[in-house]
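Here it is, the structure, as structure tokens.
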2 protein chains.
Amino acid sequence: MRQPLGRPRDGRVDGAIAAAARELLAEQGYAQLTVDAVASRAGVGKAAIYRRHATKQAMIFAAVMHDLELETPPDAGSLAADLAAVTRVIATTLTAPPPGVVPGMLADVHADEGMAAAFAETFVKAERDCVTEVLDRAVGRGELAHRPDPARVHAMLLGPIFAWLFLLLEERARLPRLAEALAADVAHSLTTGPGRARDA
Amino acid sequence: MRQPLGRPRDGRVDGAIAAAARELLAEQGYAQLTVDAVASRAGVGKAAIYRRHATKQAMIFAAVMHDLELETPPDAGSLAADLAAVTRVIATTLTAPPPGVVPGMLADVHADEGMAAAFAETFVKAERDCVTEVLDRAVGRGELAHRPDPARVHAMLLGPIFAWLFLLLEERARLPRLAEALAADVAHSLTTGPGRARDA
């Protein structure tokens, strides 16, 4: 198919919009971002953006999720080591976007059912699959007698990291140590704690 | 001092603004709320609102915090029971506001340094005092050899509850059981876990 001269092909337009949105989020912050500014920076018309994304919020969501790689870490040999790797993945995901972007996106997710569905099907599902796989490995190794509820374990891993960064506004520099301690605590709790037969 | 006829006294104006904001948040949602609508519902002028609150966001924050009572639960006799009470306080605080209000306020907190300071000095401080008091009681009882870092324990308690409600979008009906299990896990981890000497 012929491409209009001087205009990037479609896949490149997607990438240009995502890159422009990410740059502007970093430069101006979440609340200040406009579709006009993204269109101008990406060198595309506003119509090109609205053909791809119903709203400004959906455009930002796609831009932030565009490069998100949430792969399950390779088997590290034990539940504790696997959970430590999962907490590092979660911490990286939450600290990668520019300041204000995660809380801003979360507010949008709660203001729009379509955004909530997209959030559940992408970010939440990818992390959940990762948690589930790590728990299954522990069952396979005999470290756990059965698989605990992945939703509960997910909340125990994601929650404190999110809280540290976005609710308690604590120092980012202390996050790696917190995440490591958290993984050790959750592994201990799953293998020896009062809840180890809870989800049986 | 004489009051203008037909206008409530000042303390009542504060209360009327807060009540109107809370009603409209419940009826219309966070993103739709306007200062005009709050002024109209409260029967005051916009100027009366802006004399009290610099921005719409600050008005909402004050309204939501207005009736927030975050008292440390009475001594329940053990760390596990005290932590269970703390998780109930946290769950109540996070589920009380109308849908969308907590994520909306959090985005505003991250968009404005003044809001961040107010958030840290009210909500975070009240919860932190509560966690710290409960940990000190456990040290007093001999359940803990020393007090762990209250910020870390705070993140372990608040984080999973917040994640369950606002990140993982899980069922609210399951929250009480999750909070109870969480308290038991954190008590177990603090008394027997790999981190029990971590913050010494």
Side-chain angles (χ1 to χ4, degrees), chain A residues 29-32 80 99-112 116-117 119-120 123-124 127-128 149 151-171 174 177-178 180-190 192-196 198-199, chain B residues 29-32 80 99-112 116-117 119-120 123-124 127-128 149 151-171 174 177-178 180-190 192-196 198-199:
Chain A
Y30 192 82
Q32 284 70 42
V101 170
V102 169
M105 270 182 38
L106 189 63
D108 291 338
V109 160
H110 282 268
D112 181 315
F119 182 71
F123 175 77
V124 174
E127 274 198 6
R128 180 68 50 86
D149 177 8
R152 184 171 73 85
V153 178
H154 193 179
M156 288 169 76
L157 295 169
L158 170 61
I161 296 173
F162 184 93
W164 189 263
L165 292 169
F166 300 111
L167 301 175
L168 305 180
L169 316 177
E170 293 283 350
E171 284 175 60
R174 289 179 61 199
R177 188 156 172 269
L178 178 95
E180 194 187 343
L182 174 67
D185 280 333
V186 172
H188 176 74
S189 154
L190 292 175
T192 73
R196 68 187 184 282
R198 191 180 289 135
D199 308 303
Chain B
Y30 191 82
Q32 285 68 43
V101 171
V102 169
M105 269 181 40
L106 190 62
D108 291 338
V109 160
H110 282 268
D112 181 314
F119 183 71
F123 174 77
V124 174
E127 275 198 7
R128 179 68 50 86
D149 177 8
R152 185 172 72 85
V153 177
H154 192 179
M156 288 169 76
L157 295 169
L158 170 62
I161 296 173
F162 183 94
W164 190 263
L165 293 168
F166 300 111
L167 301 175
L168 306 180
L169 316 176
E170 293 284 347
E171 284 176 58
R174 289 178 62 199
R177 189 156 172 271
L178 178 96
E180 195 188 342
L182 174 67
D185 280 333
V186 172
H188 176 74
S189 153
L190 292 176
T192 74
R196 67 188 183 284
R198 193 179 290 136
D199 309 301

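Computed from a predicted structure; not experimentally measured. All chains are named by letter (A, B, ...) in the order of the sequence lines, taking the proteins before the strands, and each is independently numbered beginning at 1.
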Using a strict cut-off of less than 4.0 Å between a Lys/Arg side-chain nitrogen and an Asp/Glu carboxylate oxygen, indicate whether Arg174(A) and Asp149(B) qualify as a salt bridge.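 Between Asp149(B) and Arg174(A) there is a salt bridge, with a charged N closer than 4.0 Å to a carboxylate O.
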Please identify, among Ala80(A), Ala151(A), Ala187(A), the residue contributing the most non-hydrogen atom pairs under 4.5 Å to chain B.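 Option with the greatest count: Ala151(A).
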Mind jotting down which residue pairs meet the salt bridge (Lys or Arg N to Asp or Glu O under 4.0 Å) criterion with at least one end in residues 153-168 of chain A? Sequence neighbours excluded, please.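 For residues 153-168 of chain A, and leaving out neighbouring residues, there are no salt bridge (Lys or Arg N to Asp or Glu O under 4.0 Å) pairs at all.
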Is there a side-chain contact between His110(A) and Leu106(B) (heavy atoms, below 4.5 Å)?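 Side chain of His110(A) against side chain of Leu106(B), heavy atoms only: no contact under 4.5 Å found.
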I'd like to verify something: which residue of Pro103(A), Ala107(A), Pro99(A) has the highest number of heavy-atom pairs under 4.5 Å with chain B?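 Option with the top pair count is Pro103(A).
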Spatial distance of atom CG (Asp185(A)) from atom CG (Asp185(B)) [nearest 0.5 Å]: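 One gets 10.0 Å once the value is rounded to the nearest 0.5 Å.
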Under 4.5 Å from a heavy atom of chain A, the part of Leu178(B) involved: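 Only the side chain of Leu178(B) comes within 4.5 Å of chain A.
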Going by atom type alone, with no hydrogens or angles, which donor-acceptor pairs under 3.5 Å involve a side-chain atom of residues 156-170 of chain B and a protein atom two or more places apart or on another chain?
{"residue": "Trp164(B)", "atom": "NE1", "partner": "Glu171(B)", "partner atom": "O", "Å": "2.9"}
{"residue": "Glu170(B)", "atom": "OE2", "partner": "Arg128(A)", "partner atom": "NH1", "Å": "3.3"}
{"residue": "Glu170(B)", "atom": "OE2", "partner": "Arg128(A)", "partner atom": "NH2", "Å": "3.3"}

